[in-house]
Amino acid sequence: MLNAPPLTAADIEHFDTQGYLIIRQALDGNRVGELLEAGDRLVASDLRTGRQQAGDGRYDGFRNTIALDSHFTDLIDHPVILPAVVQLLGADLHVMTSHLIHKRPDPAELPDTSRLPGWHRDYAIAMRTLGHVAIPRLLVKCAFYLTDLTESQRGATMVLPGSHLLTGQPEIPAGASDPVGALEPSLQPGDCLIFENRTFHAGALHRGADTRKAIMVGFGHRW
């Protein structure tokens, strides 16, 4: 049985209307340290299974990360986050994806408009089948951040509040890099950003000195 205080009505309303929710300090300092060590070991290894890297060296990580180290496996039934997901998506679910992402600082010559990845919705195979108009809430992704992203331009996952209700691509004004209202959240180590498959999101520019480190776990309907 999961013993966690339920999300408040305000939290659920925020997720329903904005398409995302931040759970502060979901991980304590010791847990963050363990996950940092586990992630660093993987990235320093020669393992190729599930590895995803950018050719220019800005990006390194692994898919299906929960199968690669028990420290990541334990995130499946996190005592705070899993009950929150059950409230947002229902109890008949399973893990659909997990992703360790180490995002290194962007080169100085890159313009501030650069986004890696660009603005998109998750679960592209469903998007191809159903399109923007008919796509329902199918997936809830929980992004645990392990490094300090309290300042802007530190490579956090940007979200477009309310974009899960759009029936098409968000409009980006001429000469701009982001839709109007886009948010780069301020996140501390241990914070968890929860967003659904329809919420448009992108990778913010990383002008910091250190590698941005995060582990994402995505839950979807069992069917």
Side-chain angles (χ1 to χ4, degrees), residues 14-15 18-27 29 31-33 35-37 39-40 42-44 51-63 65 81 97-122 141-164 166 169-218:
H14 188 278
F15 192 82
Q18 303 301 309
Y20 77 97
L21 183 67
I22 298 174
I23 306 294
R24 301 291 183 185
Q25 298 300 289
L27 305 172
R31 194 79 179 89
V32 168
L35 292 169
L36 282 170
E37 290 180 7
D40 288 348
L42 280 175
V43 170
R51 193 152 199 165
Q52 290 187 321
Q53 294 173 297
D56 58 6
R58 283 191 290 156
Y59 183 101
D60 201 350
F62 291 85
R63 287 284 185 178
T65 317
I81 300 304
T97 187
S98 58
H99 196 185
L100 174 70
I101 305 171
H102 281 199
K103 188 175 180 181
R104 300 185 178 95
D106 289 310
E109 63 270 17
L110 268 185
D112 287 352
T113 55
S114 176
R115 298 287 178 264
L116 180 67
W119 287 98
H120 67 286
R121 279 173 162 166
D122 280 344
K141 186 171 284 185
C142 306
F144 298 89
Y145 292 90
L146 309 177
T147 49
D148 189 346
L149 305 179
T150 52
E151 296 183 31
S152 63
Q153 295 191 336
R154 291 299 181 269
T157 301
M158 302 181 69
V159 294
L160 180 59
S163 59
H164 62 306
L166 293 176
Q169 296 279 353
E171 182 179 350
I172 298 178
S177 54
D178 305 309
V180 174
L183 171 70
E184 181 182 351
S186 175
L187 300 162
Q188 298 180 5
D191 288 351
C192 182
L193 171 66
I194 304 177
F195 58 96
E196 59 150 285
N197 56 286
R198 297 176 299 175
T199 302
F200 278 92
H201 55 288
L205 191 73
H206 187 0
R207 295 293 194 206
D210 302 316
T211 300
R212 187 217 79 173
K213 301 176 182 180
I215 170 73
M216 299 189 180
V217 182

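Heavy-atom basis, side chains included; hydrogens, waters and symmetry copies ignored.
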Notebook entry, point to check: With no hydrogens and no angle check, do the side chains of Asp148 and Gln188 hold a donor and an acceptor under 3.5 Å apart?
Noted result: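 No, Gln188 and Asp148 have no side-chain donor paired with an acceptor closer than 3.5 Å.
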
Note to self: A side-chain contact here means heavy atoms from C-beta on lying under 4.5 Å apart; do Leu187 and Thr157 qualify?
What the structure shows: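 Leu187 does not reach Thr157 side chain to side chain.
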
Does any N or O in the side chain of [X] come within less than 3.5 Å of the main-chain N or O of [Y], such that one atom is a donor and the other an acceptor?
| X | Y | value |
| --- | --- | --- |
| Thr147 | Lys213 | yes |
| Arg154 | Ser152 | yes |
| Arg115 | Ala202 | no |
| Lys103 | Ala204 | yes |

Gap separating the [atom1] atom of [X] from the [atom2] atom of [Y], nearest 0.5 angstrom:
| X | Y | atom1 | atom2 | answer |
| --- | --- | --- | --- | --- |
| His102 | Phe62 | NE2 | CZ | 9.5 Å |
| Ile194 | Phe144 | CD1 | CZ | 7.5 Å |
| Gln52 | Thr65 | CD | OG1 | 9.0 Å |
| Trp119 | Gln169 | CH2 | CD | 12.0 Å |
| Ile81 | Cys142 | CD1 | SG | 6.0 Å |
| Leu27 | Ile215 | CG | CD1 | 10.5 Å |

Notebook entry, point to check: Can you list the steps and then say if Asp191 with Leu149 is a side-chain contact (heavy atoms from CB on, under 4.5 Å)?
Noted result: CA-CA 10 Å; Asp191 288 351; Leu149 305 179; over 6 Å; no

Notebook entry, point to check: Would the number of heavy atoms belonging to other residues, nucleotides or ligands and lying under 6.0 Å from CG of Asp40 be above 12?
Noted result: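 More than 12 heavy atoms, drawn from other residues, nucleotides or ligands, come within 6.0 Å of this atom.
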
Next item on the list: Check the pair Asp122, Thr97 against side-chain contact (heavy atoms from CB on, under 4.5 Å), reporting the backbone distance first and the verdict last.
Entry: CA-CA 11 Å; Asp122 280 344; Thr97 187; over 6 Å; no

Next item on the list: Identify which one of His164, Gln18, Lys141, Arg121 satisfies the side chain to side chain contact (heavy atoms under 4.5 Å, CB included) criterion when paired with Thr199.
Entry: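 Between Thr199 and the candidates, side chain to side chain contact (heavy atoms under 4.5 Å, CB included) is satisfied uniquely by His164.
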
Check: Any idea how Phe195 and His201 line up, ring-wise: parallel (<30°), tilted (30 to 60°), or perpendicular (>60°)?
Finding: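 Tilted: the ring planes of Phe195 and His201 meet at 30° to 60°.
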
Compare every heavy atom of [Y] with every heavy atom of [X], then report the nearest pair and how far apart it is.
| X | Y | value |
| --- | --- | --- |
| Gly181 | Pro161 | O-CD, 3.3 Å |
| Leu160 | Ser163 | O-OG, 2.6 Å |
| Asp178 | Ala182 | CB-CB, 3.8 Å |

Next item on the list: Could you list the residues that satisfy salt bridge (Lys or Arg N to Asp or Glu O under 4.0 Å) with Arg51, not counting sequence neighbours?
Entry: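 Residues passing salt bridge (Lys or Arg N to Asp or Glu O under 4.0 Å) with Arg51: Asp60.
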
Margin query: Would Tyr145 and Met216 count as a side-chain contact (heavy atoms from CB on, under 4.5 Å) here? Give the steps.
Written below: CA-CA 9 Å; Tyr145 292 90; Met216 299 189 180; 3.9 Å; yes

Note to self: side-chain contact (heavy atoms from CB on, under 4.5 Å), that's the test. Do Tyr20 and His14 meet it? Break it down for me.
What the structure shows: CA-CA 7 Å; Tyr20 77 97; His14 188 278; 3.5 Å; yes

Enumerate, atom names and distances included, each donor-acceptor pair closer than 3.5 Å involving a side-chain atom of residues 105-113, sequence neighbours excluded.
from: Asp106; atom 1: OD1; to: Arg58; atom 2: NH1; distance (Å): 2.7
from: Asp106; atom 1: OD2; to: His206; atom 2: N; distance (Å): 2.6
from: Asp112; atom 1: OD1; to: Arg207; atom 2: NH2; distance (Å): 3.0

